[in-house]
Amino acid sequence: MYIPSFLQSLEQLKGLKVPDFLEFESLDGKVIYYNYVNKDKIKDSSFNDTGTTFIAFSEISNPDKIRYINVDKYIDYINSLDKESFKVKQGKIITLEAALYEAIWLFDEFSKIKRSEHPFVDMDMYDGVYVIDLINKQYLPSSDQSTLSFFRGNPVKKDVFVAQFNYFIKKYLIAKLNTTLTEKSNLRTPSQFNQKLFNAVNQYIKSLDDIENQKWRNNIIDSEFDNFIQQLNDLYIEDTSLKKQEAQSLNLFEFNNG
């Protein structure tokens, strides 16, 4: 029984552990964010913040005036998520393929639940795996989709979201495969894991439109996972869908009788 262990392990995605982004509330959508900058690279002699890392920005109405927000707590949070590591037992690579697909699928299902109603995490999940896939592909020549538009133009929010996604996936794999940090691994570096995850997300997105790609679970039956997914749909997702259908029907009725 691994699903409860997985849900309990998501400590960094719950409660006060999750950043609130309050510093950005009055800025997002009204400013241009530039890049992260270390304090020692800031040339403004009047700048006296005690932080280490900042995000540079300027107001649209005054683009020549560069200002800075201390983002140390967000960098620390991202680092705490990134340091979560897992290793795969030799001989479990086929099982890893199926578990990766399940983890991505579960994240996508979680993203369909309103944050205010979410029983398992306290993070903004935006549009789930769809956004992750766009972020993965944003540097490809064929990409013409703005990924920052999902985050009101805020690159800090995007970087936090990606780190949260990776953390979620690793936690699922640890719970599902019952791995420990002392076992030998066939994924020896973070880059190997990132590449496998990149490929898995791409495969998952394809599977949404192509039934052949849904064979990717390698015919491994997991009743605990399948039952959990079905209950999520029954309790949260299908209910939301029905409400949307009812609202659409009401709007159509009002239109036809207006």
Side-chain angles (χ1 to χ4, degrees), residues 2-3 6-15 17-21 71 73-88 96-115 118-140 143 145-177 179 187 189-208 216 225 228-229 232 236-237:
Y2 68 92
I3 292 287
F6 161 67
L7 296 173
Q8 292 165 6
S9 74
L10 298 174
E11 297 174 355
Q12 297 283 356
L13 306 182
K14 299 178 182 179
K17 296 279 189 179
V18 182
D20 53 27
F21 299 106
V71 292
K73 69 178 181 181
Y74 300 103
I75 299 298
D76 290 344
Y77 178 68
I78 289 171
N79 290 337
S80 72
L81 297 174
D82 288 346
K83 74 179 181 181
E84 184 69 46
S85 61
F86 89 103
K87 296 186 178 181
V88 184
L96 171 64
E97 301 286 343
L100 263 177
Y101 186 92
E102 289 174 352
I104 294 165
W105 183 3
L106 187 55
F107 187 90
D108 210 26
E109 294 301 305
F110 271 29
S111 72
K112 299 172 185 176
I113 304 172
K114 292 181 180 179
R115 178 172 179 173
H118 215 299
F120 305 116
V121 297
D122 297 309
M123 58 176 283
D124 287 318
M125 302 195 74
Y126 303 97
D127 283 350
V129 178
Y130 172 71
V131 178
I132 293 293
D133 186 52
L134 289 177
I135 292 171
N136 285 345
K137 296 174 179 176
Q138 66 182 322
Y139 298 113
L140 297 180
S143 176
Q145 171 71 53
S146 167
T147 58
L148 279 178
S149 62
F150 293 95
F151 308 93
R152 299 189 68 198
N154 191 323
V156 180
K157 289 182 177 179
K158 184 180 80 169
D159 293 343
V160 166
F161 176 65
V162 171
Q164 288 171 326
F165 170 74
N166 289 341
Y167 172 86
F168 182 100
I169 299 300
K170 291 175 185 177
K171 282 296 189 181
Y172 183 86
L173 296 178
I174 290 170
K176 177 67 182 277
L177 303 178
T179 62
L187 299 175
T189 67
S191 61
Q192 287 176 306
F193 171 78
N194 291 340
Q195 185 59 50
K196 184 168 283 292
L197 184 54
F198 174 95
N199 294 336
V201 167
N202 186 48
Q203 189 76 21
Y204 172 81
I205 293 295
K206 288 180 179 178
S207 77
L208 299 179
W216 210 56
F225 177 85
F228 185 64
I229 286 286
L232 278 182
Y236 297 99
I237 300 165

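Annotation: the span from M125 atom CE to F161 atom CZ amounts to 6.5 Å, rounded to 0.5 Å. For the atom pair CD1 (I169) and CD (E102), the distance works out to 11.0 Å, reported to the nearest 0.5 Å. Separating the NZ atom in K157 from the CG atom in D159 is a distance of 13.0 Å, to the nearest 0.5 Å. Atom CD1 of I132 sits about 10.0 Å away from atom NZ of K158, to the nearest 0.5 Å. Between the CG atom in L106 and the CZ atom in F225 there is a gap of 5.5 Å [rounded to 0.5 Å]. Taken from CD1 in I78 to CD1 in I75, the straight-line distance is 5.0 Å, to the nearest 0.5 Å.
Salt bridge status for K171 with E84: present, with a side-chain N to carboxylate O gap under 4.0 Å.
A heavy-atom distance below 4.5 Å is not found between the side chains of I104 and D108. The side-chain heavy atoms of I135 and V162, taken from C-beta on, include a pair separated by under 4.5 Å. Within the 4.5 Å cutoff, side-chain heavy atoms of Y77 are placed close to those of Q164.
With hydrogens and angles ignored, the 3.5 Å screen pairs no side-chain donor or acceptor of D133 with any backbone N or O of V129. Y167 places a side-chain N or O within 3.5 Å of a backbone atom of Q12 that can act as its donor or acceptor partner.
For the ring pair (Phe, Tyr, Trp, His ring centres under 6.0 Å) test with Y101, the passing option among Y204, F107, Y172 is Y204; the others fail.
Aromatic ring pairs are classed by plane angle as parallel below 30°, tilted from 30° to 60° and perpendicular above 60°; the pair H118 and F110 is perpendicular. Relative orientation of the Y74 and F21 rings is parallel, given thresholds of 30° and 60° on the angle between their planes. Taking the six-membered ring where tryptophan is involved, the planes of F168 and F6 are perpendicular, since the angle between them exceeds 60° and thus also 30°.
Contact between L100 and A200 at its shortest, heavy atoms only, is CD1-CB, 4.1 Å. Across all their heavy atoms, S111 and D127 have their closest contact at OG-C, 4.3 Å.
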### Query
Where do D20 and K73 land on the side-chain contact (heavy atoms from CB on, under 4.5 Å) test, with the steps shown first?
CA-CA 11 Å; D20 53 27; K73 69 178 181 181; 3.8 Å; yes
**Prompt:** Where do V18 and V121 land on the side-chain contact (heavy atoms from CB on, under 4.5 Å) test, with the steps shown first?
**Reply:** CA-CA 9 Å; V18 182; V121 297; over 6 Å; no
Go through the steps to decide whether L197 and N166 satisfy the test side-chain contact (heavy atoms from CB on, under 4.5 Å), and finish with yes or no.
-> CA-CA 9 Å; L197 184 54; N166 289 341; 3.2 Å; yes
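In this structure, a donor-acceptor pair under 3.5 Å is absent between the side chains of Q203 and N199.
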